[in-house]
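Take a look at the structure below.
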Amino acid sequence: MKYTPIPVKEVVSNPHVGSKVSIAGRVVAIRRHGKLVFVDLVDDGVRIQLFLTPSTTGEEGFKWFLDHVDLGDFINVHGELFYTKRGELSVKIEDYQLISKALRSPPVKYGHRIIDPEVRYRKRHLDIMLTPKIRRIFEVRFKAIEEIRKFMWSRGFIEVETPILQPVYGGAAARPFKTYVWALGEEWYLRISPELYLKRLIVAGFNKVFEIGKNFRNEDIDVHHNPEFTMMEAYQAYADYHDMMRLTEDLVSTVAQKVLGTTKVTYPVEVEEGKVEEVEINLSPPWKRIRLVDALREYAGLDPEKLSDDEVKELLRKYQLKIPGGYDRGRAIVKLFDRLVGRKLVQPTFVIDFPASSSPLTKPHRENPEYAERFEAYIAGLELANAYTELNDPVLQAEYFRMEEERKKKGDVEAHPYDWDFVEALEYGMPPTGGLGVGIDRLIMIFTGSTSIKEVILFPMMKRGQELGESGQGKPR
RNA sequence: GGGCCCGUAGCUCAGCCUGGUAGAGCGGCGGGCUUUUAACCCGUAGGUCCCGGGUUCAAAUCCCGGCGGGCCCGCCA
């Protein structure tokens, strides 16, 4: 190329009118007015207008441009910066080269939304290319992940990587994806959580670790769930779930401030039956803390501590809730909470102290062993985070694993498998530890006001479609 | 897993109820236009009506099955 292009972003942020610039980008609009042509060029998400006439490029260059440059092509441009009569910063093209050809024209005009969600998600390159608002969602996502790392590093956490392929899955209640390792001749799993490996690192003597990565859960796909999703998990020695609550609210509010410039966001919430409104959500600490049983009392008018088992079972029937692996009072109460309360928690709320039997990796509550020192953080009705004071007693952990095995035998496909290796690790001694998992995709939903997780995942899982080939989007030229 | 809705030109959609020559706008292409920016004006081309089967003299339209998508419910501690 004759000239080395500089980013359009630099040109736009500090325009030296009258100087010559060399830029490159994709042609997204051509407006022809006889012998006077305006072109919109986009480079790395930044748009600038180009201007050409036979007098700027020469008759031949002018004609060649109109004959050969199409929407979607990349061109390299050299020319003078000036303002048009309407006051728009533009580059007067003196020289240009076609540097890459688009064989399909874009399906919609730049700046417009692609309507069909199937096209948007399957051909995300088009969605992002043509719709700056969509690109913005992902800019928020990538910046937020960067700021999460900076925050964790600043708190002294080290970032680690643990296995995604695991011989025994664990750390959550979920069905796994299976895979096969030819080298070993064994069936392995994609992780449903990094939890048990991260706790091994606490056993190893690292005091503060975190990992950002994909988890895989073989479950249904809906507006809140994608089978592969991104979690940030953190573990801190000598900490408990109260410390994790402070860490969570500091993390979310700090990252929001850095990325969005504010700790207030708006999100569409169903304020009453069938009526959705944009509600302002304040992410500043401290967040509300409420015991799970109190939340049921406050938001659903139920008092789990006074209900008999028969009454709990009746409520399960009423709301058509099932407990896989057989009735368990604690799990039933959590189910009722999920069904009746979760979606009502719009402002940031820590729901704390879960029934012990629902939380097999959590340390029993220091004052009442019927409960576990666990919380879930809710924002906009979304479960954003899950955390607890980690169970570091290998004897009790082994007992919980045995109970999970029993549940699995009774048909709970999501019960934990027994992880002997993890129990053995605990037997070498693990300090008191607080652990936290934050759903990154859901955090980005909250930051961007997105009501579907697909909006914040670059390539959400979709069923195999037909090969569109020549009938695909954008007409082949 | 259950319910409802959708699939027609590159895009957005009408036509379907009540069977009879496949339409519009935008985009494309050609022409006009010297400060536009969803430019404008004139002209023009463009179809696997999602796929398969059935009914019928005749199916985009009616019926059955399938595929894909969306929303809701269940499930997701």
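The sequence lines fix the lettering, A, B, ..., with proteins before strands; numbering per chain opens at 1. Below, each value reflects all heavy atoms present in this structure, side chains not excepted, and no hydrogens, waters or symmetry copies.
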*Take A:L436 and A:Y388 through the side-chain contact (heavy atoms from CB on, under 4.5 Å) test and state the conclusion after the steps.*
CA-CA 7 Å; A:L436 166 68; A:Y388 26 91; over 6 Å; no
*Can you name the side chain to side chain donor-acceptor pair (under 3.5 Å) partners of A:T448, sequence neighbours left out?*
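Applying side chain to side chain donor-acceptor pair (under 3.5 Å) to A:T448 gives A:S450.
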_Under the rule for side chain to side chain donor-acceptor pair (under 3.5 Å), what residues qualify as partners of A:R329, not counting sequence neighbours?_
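In terms of side chain to side chain donor-acceptor pair (under 3.5 Å), with neighbours along the sequence ignored, A:R329 is linked to A:D309.
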*Which residue, A:V223 or A:H416, contacts RNA chain B at a nucleotide closer to its 5' end, judged by nearest heavy atom?*
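Final value for this comparison: A:V223.
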*Let me know, please, whether A:A174 or A:M461 comes out on the 5' side of the other along RNA chain B by nearest nucleotide.*
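Result of the comparison: A:M461.
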I'd like a table of atom pairs between the protein and nucleotides 73-75 of chain B - only N or O on both sides, under 3.5 Å - with the distance next to each one.
residue: B:G74; atom: OP1; partner: A:R339; partner atom: NE; Å: 2.8
residue: B:G74; atom: OP1; partner: A:R339; partner atom: NH2; Å: 3.3
residue: B:G74; atom: N1; partner: A:D220; partner atom: OD2; Å: 3.0
residue: B:G74; atom: N2; partner: A:D220; partner atom: OD2; Å: 3.4
residue: B:C75; atom: OP1; partner: A:Q320; partner atom: O; Å: 3.4

*asked:* Pairing donors with acceptors under 3.5 angstrom, does anything connect the side chains of A:E195 and A:Y197?
replied: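 Note: A:E195 and A:Y197 side chains miss the donor-acceptor criterion.
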What's the closest nucleotide to the [X] side chain, out of [options]?
{"X": "A:E118", "options": "B:A77, B:G69, B:U35", "answer": "B:G69"}
{"X": "A:R86", "options": "B:U35, B:G69, B:A39", "answer": "B:U35"}
{"X": "A:R31", "options": "B:A39, B:U35, B:G68", "answer": "B:A39"}

_Nearest-Å distance once atom C1' is located in both B:C72 and B:G65_ =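 Looking at atom C1' only, B:C72 and B:G65 are 25 Å apart.
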*Expressed in whole Å, how much space separates the C1' atoms belonging to B:U56 and B:A60?*
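It works out to 16 Å between them.
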*Can you say whether the rings of A:Y418 and A:F401 are parallel (under 30°), tilted (30 to 60°) or perpendicular (over 60°)?*
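Ring orientation of A:Y418 relative to A:F401: tilted.
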_Plane angle bin for A:H365 and A:Y241 - parallel if under 30°, tilted between 30 and 60°, otherwise perpendicular_ =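 If you compare the ring of A:Y241 with that of A:H365, the planes turn out perpendicular.
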_Under 4.0 Å, heavy atoms only, any strand: does A:H112 hit a base, just the sugar-phosphate, or nothing?_
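The residue A:H112 makes base contact.
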